[in-house]
Structure formats: C-alpha cells, structure tokens
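Just so it is clear, the model here is predicted, and its values are computed rather than measured.
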Amino acid sequence: MMDAHGTKVFMHADEAMILRETWAAWKAFRLGNMGAPIVGFNHASFDIPFLVTRSFIVGVPIHPFSVRDLIDIRDKLRAYAYGEQRGKLKELATLVGLDILDVDGSDVERLWNDGEHAQLEAYLIRDLEITRALYTRLVDLSIDKIQRF
C-alpha cells in the first residue's frame, strides 16, 4: 500500500523479501533525493541498527549510508543528551495533540501472528504520519538545527 506521501509498507512472510524491498526503496529514495535526510523517531538507536543486523543475519545486502544523513527526532528533542532515553512516539504525539491509535510497537508481533495485517498496516502508516507531523514541528521551531558536534 502507498499513501499520499508515497509511503510504502512492506509486509511479507519472507523476512529477506522485506529487507530487500526496504533497501531497494532506501536506495531509490536516496538517488532521487540527494542530500535529503532520513528522518525517524528513535531510528538511529533502534530501527536502522535492527535492519542492518537482520540484513547481516539473513544475508541481504544493504544500501550504504552515512549516519550524518539521519535525523532522529528523539535525539533532537533531547539535544543529544547522554543517558537513558525516555518517551515514546505515541506519548509525544499525545502531548502535542496528534491523534494516535490504540496500538504500539509492542503489539506488532501479536498483530502479525494473529493475521491482523490491516490493523498492523494502519498502525505503521499512522506512526509515519505522526513522525512526519513531529518533524514538521521540529523544523518550524528550528530544533532540527541542533548539532551533536
């Protein structure tokens, strides 16, 4: 499925297929948007390392990238503070008045195993919409300009 922003959700029983499609989409995006950042929430600490590690385990080549091209909303909001990270996307969305679904990351495996793929897809797309809205707010408030070094 693709939304109005070109968002794609890859869902297959074959993990290697998901990873290949993810890295192909990453490559296509980077080639078509040179210099554009990869924006996410906690993706520098969780999502991207997870994708790289799973790709290593499953034997799927990645598309090389620079960590400098990542904008992690959680890191920006914490001004790169060291120590335990707190706050979830869902909590932050609620604090700034965004609508959320009654599902979170801890439900993903259960939704997949129970065959609730439409609900899982809706959750993933809503997370991306929230991430997009939070990033827009970061840019509007110049928080995206905070640099680590």
query = Which atom names give the shortest non-hydrogen contact between Val58 and Ala16, and what distance separates them?
reply = CG1-CB, 3.5 Å
task = Tell me, with the steps shown, if His117 and Leu111 meet side-chain contact (heavy atoms from CB on, under 4.5 Å).
result = CA-CA 7 Å; His117 300 158; Leu111 291 171; over 6 Å; no
query = Side-chain contact, heavy-atom cut-off 4.5 Å: Ile73 with Leu89?
reply = no
message = Would you say Leu138 ends up clustered with Leu92 if hydrophobic residues are merged whenever their side chains have heavy atoms under 4.5 Å apart, either directly or through other cluster members?
response = yes
query = Hey, quick one: are Val52 and Ile57 part of the same hydrophobic cluster, counting side-chain heavy atoms closer than 4.5 Å, chains of contacts allowed?
reply = no
request  = May I have the step-by-step check of side-chain contact (heavy atoms from CB on, under 4.5 Å) for Ile62 and Phe56, ending in yes or no?
outcome  = CA-CA 9 Å; Ile62 71 163; Phe56 176 78; over 6 Å; no
request  = Could you tell me whether the side chain of Asp102 reaches within less than 4.5 Å of the side chain of Lys90, counting heavy atoms only?
outcome  = yes
message = Would the distance check show the side chain of Glu21 and the main-chain N or O of Ile18 forming a donor-acceptor pair, the cut-off being under 3.5 Å?
response = no
note = Nearest heavy-atom approach of Ser55 to Leu51 is OG-O, 2.7 Å
message = If hydrophobic clusters are built by linking Ile, Leu, Val, Met, Phe, Trp and Tyr wherever their side-chain heavy atoms come under 4.5 Å apart, do Leu70 and Tyr135 end up in the same one?
response = no
inquiry  = Would you say that more than 12 heavy atoms from the other residues, nucleotides or ligands in this model lie under 6.0 Å from the CG of Asp14, or not?
reply    = yes
inquiry  = Could you see if Ile130 belongs to whatever hydrophobic cluster contains Val39? Use Ile, Leu, Val, Met, Phe, Trp, Tyr and a side-chain cutoff under 4.5 Å.
reply    = yes
inquiry  = So Leu141 and Lys76, do their side chains get closer than 4.5 Å, heavy atoms only?
reply    = no
message = Closer than 4.0 angstrom, basic N to acidic O: yes or no for Glu129 and Arg132?
response = no
task = Report yes if the side chains of Trp23 and Pro61 come closer than 4.5 Å at any heavy-atom pair, otherwise no.
result = no
request  = Measure the NE2-OG1 distance between His63 and Thr22 for me, rounded to the nearest 0.5 Å.
outcome  = 13.5 Å
query = Above 12 or not: heavy atoms from other molecules or residues under 6.0 Å from CZ of Phe29?
reply = yes
CD on Glu121 to CH2 on Trp112, rounded to 0.5 Å = 10.5 Å
ask   = Charged N to carboxylate O under 4.0 angstrom, Asp69 versus Arg30?
value = yes
key: ILVMFWY network linking Leu101 to Val9, side-chain heavy atoms under 4.5 angstrom   = yes
query = Taking atom CZ of Arg68 as the centre, does the number of heavy atoms from other residues, nucleotides or ligands within less than 6.0 Å exceed 12?
reply = no
ask   = Would you find more than 12 non-hydrogen atoms of other residues, nucleotides or ligands less than 6.0 Å from Arg20 atom CZ?
value = yes
Gly40 to Thr131 - nearest heavy-atom pair and separation = CA-CG2, 3.9 Å
task = For residues Ala79 and Ile146, report the shortest heavy-atom separation together with the two atoms involved.
result = CA-CG2, 4.2 Å
message = Any heavy-atom pair between the side chains of Tyr123 and Asp107 that's under 4.5 Å?
response = no
Worked check of side-chain contact (heavy atoms from CB on, under 4.5 Å) between Asp75 and Arg148 = CA-CA 9 Å; Asp75 284 346; Arg148 183 181 297 226; 3.9 Å; yes
query = What residue among Ile100, Asp99, Val103 forms side-chain contact (heavy atoms from CB on, under 4.5 Å) with Arg126?
reply = Asp99
inquiry  = Between Trp26 and Ile38, is there a side-chain heavy-atom distance shorter than 4.5 Å?
reply    = yes
ask   = Does atom CZ of Phe50 have more than 12 heavy-atom neighbours from other groups under 6.0 Å away?
value = no
Distance (rounded to the nearest 0.5 Å) between Met17 CE and Glu15 CD = 12.5 Å
ask   = Do Phe10 and Lys8 touch side chain to side chain, with heavy atoms closer than 4.5 Å?
value = yes
query = Is it true that a side-chain atom of Asp114 and a backbone atom of Glu116 form a donor plus acceptor pair closer than 3.5 Å?
reply = no
key: Chi angles and distances behind the side-chain contact (heavy atoms from CB on, under 4.5 Å) call for Asp47, Phe41   = CA-CA 9 Å; Asp47 301 283; Phe41 186 88; over 6 Å; no
query = If you measure from the Lys or Arg side-chain nitrogens to the Asp or Glu carboxylate oxygens, is any gap between Asp140 and Arg137 under 4.0 Å?
reply = no
